[in-house]
Each structure stands twice: as C-alpha cells, then as structure tokens.
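One structure is given here, and the rest of the page talks about it.
Since we're looking at a predicted model, the values are computed, not measured.
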Amino acid sequence: MKNHWLFWGFWILVNALASFVWGSMLLNPIFSAFAGMFLGIIVFILIYGSIDAYLLKQGYTQLHNALRRSVFIKAGLQFMNLFLIFGWPIAPEIWAGIISVGITDDHLGINQNHHPFFFALLNTLFTGAILSLLVAVLTAVIFAIRVELRKNNLTRN
C-alpha cells in the first residue's frame, strides 16, 4: 500500500503543478497562502488514493486502470498552458482557477488580502474539484472504450 500512496502523492502533485504556479503568481507570497494550497493538495491525495484503494479492493481493475490513465492524460494537458504564449488561454487549469476565484471571492466573500490561508485553501479545493470533473469524464470515456473493445474482442472469438 505504500507505493499506492506514493503514486497518488506524486501524480496529484504533478497535476497540481500548473495550478500551483498560477496560484503562486497571483496570491500574496506569504506562508499561510502556500500552506492553504498545500493542505488542499493533501486533501486530493487522500481522496484519489482512497477512491483508487476502494476500486482495487472491490476488484474494479478496469476502472482503476482508467482512473490512473486519466490522471496521466490530465497531467499532460498542463502543456496547454504553453498556448498562453500565443494569447490562447485554453488550459483547463486557467479556467478552473478563474471559476474558483469567482466562487471564493465574489460569492463567498473570502479574499486573499484578509484571509490568505482560507482563500488559497478554498481556491485549491474548488479548482481541484473542477479539474476532478475533467478526470471523471476522461475516466468514463477510457472505461467505456475499454469495455467496448473487450466486448468486440469477445464477439470475435
């Protein structure tokens, strides 16, 4: 199980890299803001690790494999941040971050000047939740394709 948690710790950190960089540039560079982001990342390590452990325990290996593949794909999507060079803000992290700042600042009234820890924590959690929806869609698509391919292989044999 140790490798399981190392796997999720590593890949959640990789997937949070672009958002962490954006957050670092936009937040007040104080310890409490970084602590809020870090705590939010820890929450997602625990969530993904627990979901994956459940899938493995229940014997849902195809779903487990689809989840892991979708996390790899999501990590690769961070390269879309390079399109900003051309003025194209198409990276999922940018849009998820914009939405989460809107929720935290505009709707909840928690801003980074008065509550840097909670602002960073909530933004990390909201951004992660939005990006997790992307991972869920990728997982569903990968799983559906694998099931369909397996069905086709069984009907041929």
Side-chain angles (χ1 to χ4, degrees), residues 1 3-27 34 36-108 110 118-156:
M1 206 44 120
N3 290 338
H4 172 84
W5 292 104
L6 288 174
F7 173 87
W8 284 108
F10 175 77
W11 283 103
I12 296 299
L13 287 171
V14 167
N15 274 284
L17 186 61
S19 295
F20 187 81
V21 169
W22 282 114
S24 298
M25 288 190 298
L26 299 174
L27 287 174
F34 290 110
M37 285 191 285
F38 184 70
L39 180 59
I41 291 168
I42 297 294
V43 167
F44 282 100
I45 292 170
L46 294 173
I47 290 171
Y48 276 90
S50 297
I51 290 170
D52 193 43
Y54 174 80
L55 294 175
L56 288 170
K57 184 178 180 183
Q58 298 300 319
Y60 299 130
T61 55
Q62 285 188 346
L63 202 49
H64 153 80
N65 291 333
L67 176 63
R68 287 187 171 211
R69 279 194 171 67
S70 67
V71 170
F72 300 150
I73 292 168
K74 165 54 193 71
L77 291 176
Q78 292 186 89
F79 288 109
M80 294 176 81
N81 283 290
L82 296 174
F83 284 102
L84 280 175
I85 295 169
F86 305 110
W88 303 336
I90 60 174
E93 287 83 5
I94 292 172
W95 291 103
I98 290 169
I99 292 168
S100 70
V101 168
I103 293 169
T104 306
D105 200 356
D106 297 339
H107 293 292
L108 298 178
I110 299 171
F118 290 112
F119 180 82
L121 174 61
L122 289 173
N123 273 305
T124 302
L125 294 175
F126 289 142
T127 300
I130 293 166
L131 294 173
S132 289
L133 291 174
L134 174 61
V135 170
V137 168
L138 290 170
T139 300
V141 168
I142 292 168
F143 180 73
I145 290 170
R146 291 187 140 219
V147 166
E148 190 62 33
L149 288 173
R150 190 170 185 196
K151 262 194 249 179
N152 289 341
N153 285 337
L154 290 175
T155 57
R156 287 185 198 161

Fill in: Validation row: R69, R146 side chains within 4.5 angstrom (heavy atoms)
yes
Worksheet item: Between CZ of F118 and CG of L125, what distance do you get to the nearest 0.5 Å?
Response: 11.5 Å
Worksheet item: Does the pair L149 and I145 meet the rule for a side chain to side chain contact (heavy atoms under 4.5 Å, CB included), with working shown?
Response: CA-CA 6 Å; L149 288 173; I145 290 170; 3.8 Å; yes
Worksheet item: Taking atom OG of S100 and atom CD1 of I130, what is their separation to the nearest 0.5 Å?
Response: 5.5 Å
Discussion item. Could you report the tightest heavy-atom contact between A53 and H4, atom names first, then the distance?
Written reply: N-CE1, 3.5 Å
Worksheet, complete the sentence: Between G36 and T124 the two heavy atoms that sit nearest each other are O-OG1, 4.3 Å
Item to complete: Identify the two heavy atoms, one from V14 and one from Q78, that lie closest to each other, and give their separation to 0.1 Å.
Response: O-NE2, 2.6 Å
Practice prompt. Kindly compute the distance separating CD1 (I12) from CZ (F7), expressed to the nearest 0.5 Å.
Written response: 8.5 Å
Discussion item. Is there a side chain to side chain contact (heavy atoms under 4.5 Å, CB included) between S50 and W5? Walk through the geometry before answering.
Written reply: CA-CA 9 Å; S50 297; W5 292 104; 3.8 Å; yes
Worksheet item: Hey, are the side chains of N15 and L131 touching, using non-hydrogen atoms and a 4.5 Å cut-off?
Response: no
Worksheet item: Given D105 and I110, is the side chain to side chain contact (heavy atoms under 4.5 Å, CB included) satisfied, shown in steps?
Response: CA-CA 5 Å; D105 200 356; I110 299 171; over 6 Å; no
Discussion item. Do N123 and M37 have side chains that approach each other closer than 4.5 Å (heavy atoms only, starting at C-beta)?
Written reply: no
Fill in: Y48: ring-ring contact (aromatic ring centres under 6.0 Å, His included) partners, not counting sequence neighbours
W8
Worksheet item: Which pairs with one or both residues in residues 74-84 pass salt bridge (charged side-chain N to carboxylate O under 4.0 Å, His left out), sequence neighbours excluded?
Response: K74-E93
Worksheet entry | Distance (rounded to the nearest 0.5 Å) between I73 CD1 and L134 CG | 9.5 Å
Worksheet entry | Close side-chain approach of V101 and F126, heavy atoms under 4.5 Å | no
Discussion item. To the nearest 0.5 Å, what is the distance between CG on D52 and CD1 on I47?
Written reply: 13.5 Å
Item to complete: Nearest 0.5 Å please: distance from the OG1 atom of T139 over to the CG atom of L55.
Response: 9.0 Å
Fill in: Non-hydrogen atoms of F143 and A66 that approach each other most closely
N-CB, 3.9 Å
Worksheet item: Is there a side chain to side chain contact (heavy atoms under 4.5 Å, CB included) between L46 and I42 once you walk through the steps?
Response: CA-CA 6 Å; L46 294 173; I42 297 294; 4.3 Å; yes
Practice prompt. Please report the closest heavy-atom contact between V135 and S70, naming both atoms and the distance.
Written response: CG1-OG, 3.4 Å
Fill in: Nearest non-hydrogen partners of F119 and T104, listed with the distance
CD1-CG2, 3.6 Å
Discussion item. Just so I know, are the side chains of R68 and W11 near enough to count as touching, which here means a heavy-atom distance under 4.5 Å?
Written reply: no
